[in-house]
Amino acid sequence: MNIQFEAPDKINGLMTITLETADYQPEVEKTLKDYRKRANIPGFRPGQAPMGMIKRQFGTSVKVDVVNKMLGEKLYDYVRENKIQMLGEPLPSEQQEALDFEGDAPLTFKFDIAVAPAFEAQLSAKDKVPYYNITVEDKLVDQQVEMYQSRSGEYQKVEQFDPEQRDMLKGDLREVDGTIEVADAVLMPQYMKVDDQKKLFEGAKLGDIITWNPRKAYPESDIEVSSLLKIEKDQVAEHTGDFTFQITEISRFVKAEVNQQLFDQTFGEGTVKDEKEFRQKIADMIAQQFKMDADFKFLQDVRAYMEKKVGKLEFPEAILKRVMIQNNKDRKDAKEYVEKNFEASIKELGWHLIKEQLVAAQGIKVEDDDLKAVAKEAARAQFAQYGMSNVPDEYLENYASEMLKKRENLDGIVDRAVDTKLTAALKTVVKLDEKSITMEDFQKMLNEK
């Protein structure tokens, strides 16, 4: 066996592997003997068919299988032992000549290999990277308090409608010149699209009868009108006249008071004992989220800094495009898709290679506990979206475990774990150019980017 690797320009590699008959024939013979033991050929008892017949019938296909398996093993062994940083999978070379598996002549295989460009990505205390400390303003805490109040609020019965409140009216709806009647219809006049119709309900009290026009109130929403009148959407055009609405109930949404009950509902019983602690707890939660946002921006800035410091990387574009087309072979528009996304893919590949070096330099390894921690944070964030901020730790543990069991989640969790550990490490390596910033200005900065 002979293996040669050439990469004169350092990135376009050509690997040539020549297999002599002696390299693969022992394995071929062994496999054919196994075939003979199992072969069920008419006219012969199991295992008694002539070896010549077995070779004629299965020899070539067995040889192909053995050679292909040997090729893969030797190729990857060579890449690993010679520390070739291969991008993607090796591809049969466009220089490959036709092969004769029927004869005993040496078999020569050629593979095109995309090789990662050689460069150094290093950071030290001499490198300065911005780090944004996002301030927790009182108005943000106020907004969060109000959100918790609203989430724990309830509707209460009142005597008179107030358009400035979130009042909900229930009543009997009747068509003036028609047959439609809807009992216990529900209206929220403040959401009507036309002011003239809204004003008809101002100051209305229990028992009042209001004459109004649903079609005029919602001129662009047949769905809303059909839902209110309990008719099909295509029937709305037949009912454009006035209706009466007799109010039988007025409910007003009242936010929860800032008291011990709200504290317990939000953070668990006894966790917070007064409004000062409540606001501080909220401020701490916001600060933790802001830290995650600031760390995310820091890693973005590290990326931009390193891409500029490393400079433009040269890639074997022709081979990489073939690799990408191969990876997207199930798409009918594979070539067009690759051309459209190639530049962005190369940019991501460059950052991936830079990040690999940074991770290696910091000795970062992701353990099971790191993955569990990331999964728990993801679970906590999902529960928080539904207003559940005091989920017991055992529930988070179980939810995280279920996330980690799903293969489609694992790659993303690993990436986030690597990013989290890399961010923490690099914050102790580079010089941080710390800047205080409001959340509003921080968001503007991200949007501008």
Side-chain angles (χ1 to χ4, degrees), residues 139-140 142-256 289 293 340 381-388 438-449:
K139 67 177 182 180
L140 296 176
D142 293 340
Q143 290 170 3
Q144 196 68 20
V145 170
E146 186 174 1
M147 185 272 290
Y148 286 130
Q149 286 182 274
S150 296
R151 188 170 285 158
S152 298
E154 60 182 7
Y155 278 96
Q156 298 177 358
K157 303 293 188 294
V158 295
E159 298 292 321
Q160 186 171 354
F161 173 73
D162 184 348
E164 300 301 319
Q165 302 293 330
R166 292 164 62 178
D167 287 357
M168 184 168 62
L169 305 180
K170 183 184 287 187
D172 298 325
L173 187 65
R174 291 181 175 85
E175 191 173 20
V176 174
D177 296 320
T179 59
I180 291 181
E181 293 187 7
V182 181
D184 293 332
V186 176
L187 284 178
M188 296 187 77
Q190 57 269 49
Y191 295 117
M192 290 179 181
K193 308 301 182 185
V194 178
D195 289 339
D196 289 347
Q197 294 295 312
K198 283 185 188 180
K199 290 179 181 178
L200 295 174
F201 292 85
E202 289 184 4
K205 301 182 182 64
L206 281 174
D208 285 357
I209 298 175
I210 312 295
T211 300
W212 68 299
N213 190 297
R215 176 73 277 179
K216 290 180 181 178
Y218 307 102
E220 298 176 356
S221 180
D222 288 352
I223 293 177
E224 203 146 7
V225 176
S226 66
S227 175
L228 177 66
L229 303 184
K230 310 297 183 189
I231 60 176
E232 297 297 326
K233 183 180 172 183
D234 57 8
Q235 295 176 309
V236 170
E238 301 171 18
H239 302 278
T240 59
D242 289 343
F243 283 70
T244 62
F245 184 80
Q246 184 170 18
I247 301 172
T248 58
E249 185 180 289
I250 304 174
S251 300
R252 177 168 300 160
F253 183 79
V254 179
K255 292 185 293 188
Q289 180 58 53
D293 294 337
K340 181 179 179 181
Q382 287 189 25
F383 283 118
Q385 289 179 350
Y386 299 101
M388 302 168 68
T438 66
M439 186 58 187
E440 185 177 354
D441 288 341
F442 184 78
Q443 294 273 10
K444 286 180 182 177
M445 178 174 62
L446 289 183
N447 291 335
E448 287 171 0
K449 292 287 185 181

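Using a 4.5 Å heavy-atom threshold, the side chains of Met188 and Phe201 count as separate. Within the 4.5 Å cutoff, no side-chain heavy atoms of Asp172 are placed close to those of Glu181. Using a 4.5 Å heavy-atom threshold, the side chains of Leu200 and Thr211 count as separate. The shortest side-chain heavy-atom distance between Phe161 and Lys205 does not fall under the 4.5 Å cut-off. Looking only at side-chain heavy atoms (C-beta outward), Lys216 and Asp196 stay at 4.5 Å or farther from each other.
Applying the 6.0 Å contact sphere to CD of Glu238 captures more than 12 heavy atoms from other residues, nucleotides or ligands. Other residues, nucleotides and ligands contribute over 12 non-hydrogen atoms within 6.0 Å of the CG atom of Asp234.
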Residues Gln156, Ser251; criterion side-chain contact (heavy atoms from CB on, under 4.5 Å); working and verdict: CA-CA 5 Å; Gln156 298 177 358; Ser251 300; over 6 Å; no
Worked verdict on Glu220 versus Lys193 for side-chain contact (heavy atoms from CB on, under 4.5 Å): CA-CA 9 Å; Glu220 298 176 356; Lys193 308 301 182 185; over 6 Å; no
Chi angles and distances behind the side-chain contact (heavy atoms from CB on, under 4.5 Å) call for Tyr218, Met192: CA-CA 6 Å; Tyr218 307 102; Met192 290 179 181; 3.6 Å; yes
Side chain to side chain donor-acceptor pair (under 3.5 Å) evaluation trace for Gln289 with Asp293: CA-CA 6 Å; Gln289 180 58 53; Asp293 294 337; 3.2 Å; yes
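Between the side chain of Gln246 and the backbone N or O of Gly171 there is no donor-acceptor pair closer than 3.5 Å. Between the side chain of Gln197 and the backbone N or O of Asn213 there is at least one donor-acceptor pair closer than 3.5 Å. For Gln190 (side chain) and Gln165 (main-chain N/O), a donor-acceptor pair under 3.5 Å exists by modelled atom type. For the pair Ser150 (side chain) and Glu146 (backbone), a donor-acceptor distance under 3.5 Å is present. Under a 3.5 Å cut-off, the side chain of Asp177 and the backbone N or O of Asp242 do not form any donor-acceptor pair. A side-chain donor-acceptor contact under 3.5 Å links Arg252 to the backbone of Gln160. A donor-acceptor contact shorter than 3.5 Å is absent between the side chain of Glu175 and the backbone of Gly241. No donor-acceptor pair under 3.5 Å is formed between the side chain of Thr240 and the backbone N or O of Ala237.
Ion pairing of Lys170 with Asp184 is absent here, as no side-chain N (NZ or NE/NH1/NH2) approaches a carboxylate O to less than 4.0 Å.
Looking at Arg215, Gln235, Lys233 one by one, the single match for side chain to side chain donor-acceptor pair (under 3.5 Å) with Asp222 turns out to be Arg215. Here the options are Ile180, Leu187, Val182, the test is side-chain contact (heavy atoms from CB on, under 4.5 Å), and the partner is Leu228; only Leu187 passes.
Scanning all heavy atoms of the two residues, the minimum distance from Ile250 to Leu169 falls at CG1-CD2, 3.7 Å. In terms of heavy-atom proximity, Pro214 sits nearest to Phe243 at CD-CD1, 3.5 Å. Closest approach of Ile210 and Ala204 over heavy atoms only: CD1-CB, 4.2 Å.
With sequence neighbours excluded, the residues forming a salt bridge (Lys or Arg N to Asp or Glu O under 4.0 Å) with Lys139 are Glu440, listed by chain and number.
The distance from atom NE2 of His239 to atom OG1 of Thr179, rounded to the nearest 0.5 Å, is 6.0 Å.
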